[in-house]
Amino acid sequence: MKSNSALKESLRLYKKNFGPLCLTLLVELVLRAIALTPLMFLLEKTLAPLAWLAVPLYLLIVLPARQNYALALQDMMNGGSVFSTRLISVEDYGKKLLRGLAGTLCILLWSVVTVVSATLLYAAYEGHWGLDVLTLMRLCASIGGGDFVGGLMIILAAIAASVLLILLGCAMHSGSRHAAAMGDRTLLKGSRLRLIGLWFLGLVLLVPFAAVVVLALGDYAITLLNALKDFSFPDTFALNARQLAMLAGGAIVLLFPVLPLKNLLPAVCLRVFKEKRDAQA
């Protein structure tokens, strides 16, 4: 199987089922919004600890929902509709939750370098381990060849580069729930490289929206760089109406319509691979 076969089939299914796919994505977003509702407690300092309720809610609601989404995509490829009660089904809830937790654990393992690096940098900034602001500035300056901002940018760039590990992990495991939905985990053995390639190809679909984000938040980058020079950060980075409009418009026009196609790619890849393997058997 060639990856372009999966891409062509994904585009065909995307065009044919565009409406139901968008409605399905809307359901998935609503479920995530429900799970993240406790974050509103952050608006009140005395209630802020209750925001941690979002973590168990996310695990209990979103992880099984992702498994349901994979099953719904298989229904669609079998001639049914992706937009159905399957999306909120509690059938085999325990198995779906365990599969979701296993996948989350795998991604967390891929995230160790980034999380540890960012935590150490934040702890140093907060003055832990006996580091004060001047010591931290000297450390950054030594890394940057005497330039504090340059040294800090190198550190931040290294942490950002480690995010590639997380992306690779996401690509590696992108087909797991779809293989489970098809009831054949062996499909992953012969299609990992194709899945990785298609997953990263799917990121190309997000480039237009990413460009809007850069345009909308570009002023913050300049503000942040200027603040780093004086080591004086503003208390908040409030978005103005123009920036909010750009982000909201970009999400609606450039992000929402392409996410269903991105989500289709690994499901179709495994489907096409299975059909070719069965035909050769």
Side-chain angles (χ1 to χ4, degrees), residues 1-14 17 21 24-25 28 32 58-59 61-80 82 86-87 89 91-115 162-206 258-281:
M1 182 198 66
K2 296 182 179 180
S3 295
N4 61 355
S5 299
L7 182 57
K8 290 179 180 178
E9 180 63 8
S10 296
L11 288 170
R12 186 188 71 80
L13 289 170
Y14 173 73
N17 301 277
L21 283 170
T24 298
L25 178 59
E28 294 295 306
R32 282 160 175 76
Y58 190 90
L59 297 177
I61 295 175
V62 176
L63 297 189
R66 284 171 56 81
Q67 304 296 320
N68 284 337
Y69 189 8
L71 289 166
L73 288 175
Q74 293 303 318
D75 289 343
M76 182 188 74
M77 286 184 278
N78 287 328
V82 66
R86 168 85 80 174
L87 298 172
S89 171
E91 183 181 0
D92 294 327
Y93 176 84
K95 293 180 180 179
K96 294 172 183 175
L97 178 59
L98 289 176
R99 283 200 300 266
L101 290 172
T104 301
L105 179 60
C106 289
I107 299 303
L108 287 176
L109 291 176
W110 284 89
S111 307
V112 167
V113 174
T114 302
V115 172
S162 69
V163 174
L164 291 175
L165 285 176
I166 302 177
L167 296 179
L168 180 59
C170 291
M172 280 281 293
H173 299 285
S174 63
S176 297
R177 61 194 173 109
H178 300 290
M182 297 173 70
D184 189 355
R185 303 279 298 183
T186 63
L187 291 171
L188 297 173
K189 294 181 180 179
S191 55
R192 288 285 189 189
L193 290 178
R194 295 184 182 92
L195 285 169
I196 292 173
L198 284 172
W199 192 89
F200 278 101
L201 179 63
L203 292 183
V204 176
L205 298 172
L206 309 183
V258 299
L259 285 178
L261 177 57
K262 183 180 182 301
N263 294 332
L264 257 179
L265 292 174
V268 175
C269 175
L270 289 180
R271 182 75 170 214
V272 175
F273 177 73
K274 183 178 186 301
E275 290 176 352
K276 182 174 182 180
R277 190 188 65 177
D278 291 346
Q280 293 175 343

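The analysis underlying the following values was restricted to heavy atoms, covering all of them including side chains, and did not include hydrogens, waters or symmetry mates.
Remark: the backbone N or O of Ser162 is paired with a side-chain donor or acceptor of Thr114 at under 3.5 angstrom. Panel note: side chain Arg185, backbone Ser176; a donor-acceptor pair is recorded below 3.5 Å. Between the Ser89 side chain and the Arg86 main chain, no donor and acceptor come within less than 3.5 Å of each other.
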query = Hey, mind stepping through Val268 and Leu7 against side chain to side chain contact (heavy atoms under 4.5 Å, CB included) and telling me if it holds?
reply = CA-CA 8 Å; Val268 175; Leu7 182 57; over 6 Å; no
task = Quick one: do Gln74 and Met182 satisfy side chain to side chain contact (heavy atoms under 4.5 Å, CB included)? Show the steps, please.
result = CA-CA 7 Å; Gln74 293 303 318; Met182 297 173 70; 3.4 Å; yes
message = What verdict does the side chain to side chain contact (heavy atoms under 4.5 Å, CB included) test give for Trp199 and Lys262, after you've listed the backbone C-alpha separation in whole Å, the side-chain angles of each residue and the deciding distance to 0.1 Å?
response = CA-CA 8 Å; Trp199 192 89; Lys262 183 180 182 301; 3.7 Å; yes
task = Step by step, work out the side chain to side chain contact (heavy atoms under 4.5 Å, CB included) result for Leu21 and Leu261.
result = CA-CA 9 Å; Leu21 283 170; Leu261 177 57; over 6 Å; no
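The minimum heavy-atom distance linking Gly202 with Leu265 is given by the pair CA-CD1, 3.9 Å. The two residues Ala6 and Leu198 have their closest heavy-atom pair at CB-CD1, 3.9 Å. Closest approach of Leu73 and Ala267 over heavy atoms only: CD1-CB, 4.1 Å. A pairwise comparison of heavy atoms in Pro260 and Tyr69 identifies CA-OH, 4.4 Å as the closest pair.
Residues passing the ring pair (Phe, Tyr, Trp, His ring centres under 6.0 Å) test with Tyr14, sequence neighbours excluded: Phe18.
Thr186 and Arg277 share a side-chain donor-acceptor pair at under 3.5 Å. Residues Asn263 and Arg66 have side chains that never bring a donor and an acceptor to within less than 3.5 angstrom of each other.
The pair Lys274-Asp184 does not meet the salt-bridge criterion, since no charged nitrogen lies less than 4.0 angstrom from a carboxylate oxygen.
Taking CG from Leu206 and CG from Leu259, the interatomic distance works out to 6.5 Å, rounded to the nearest 0.5 Å. Taken from CG in Leu188 to OG in Ser174, the straight-line distance is 8.5 Å, to the nearest 0.5 Å. Taking CE from Met77 and CG from Leu264, the interatomic distance works out to 7.0 Å, rounded to the nearest 0.5 Å. Note that the CG atom of Leu87 and the OG1 atom of Thr24 stand 5.0 Å from one another [nearest 0.5 Å]. Here the CZ-CG distance, from Arg192 to Leu187, works out to 11.0 Å after rounding to the nearest 0.5 Å. Between the CD atom in Gln67 and the OH atom in Tyr93 there is a gap of 11.5 Å [rounded to 0.5 Å].
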Scan the side chains in residues 102-110 for donor-acceptor partners under 3.5 Å anywhere in the protein, sequence neighbours excluded, and list what turns up.
unit_1 : atom_1 : unit_2 : atom_2 : d
Thr104 : OG1    : Gly100 : O      : 2.9
Trp110 : NE1    : His173 : NE2    : 3.3

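For the side-chain hydrogen bond (donor to acceptor under 3.5 Å, both in side chains) test with Asn68, the passing option among Lys96, Glu91, Glu28 is Lys96; the others fail.
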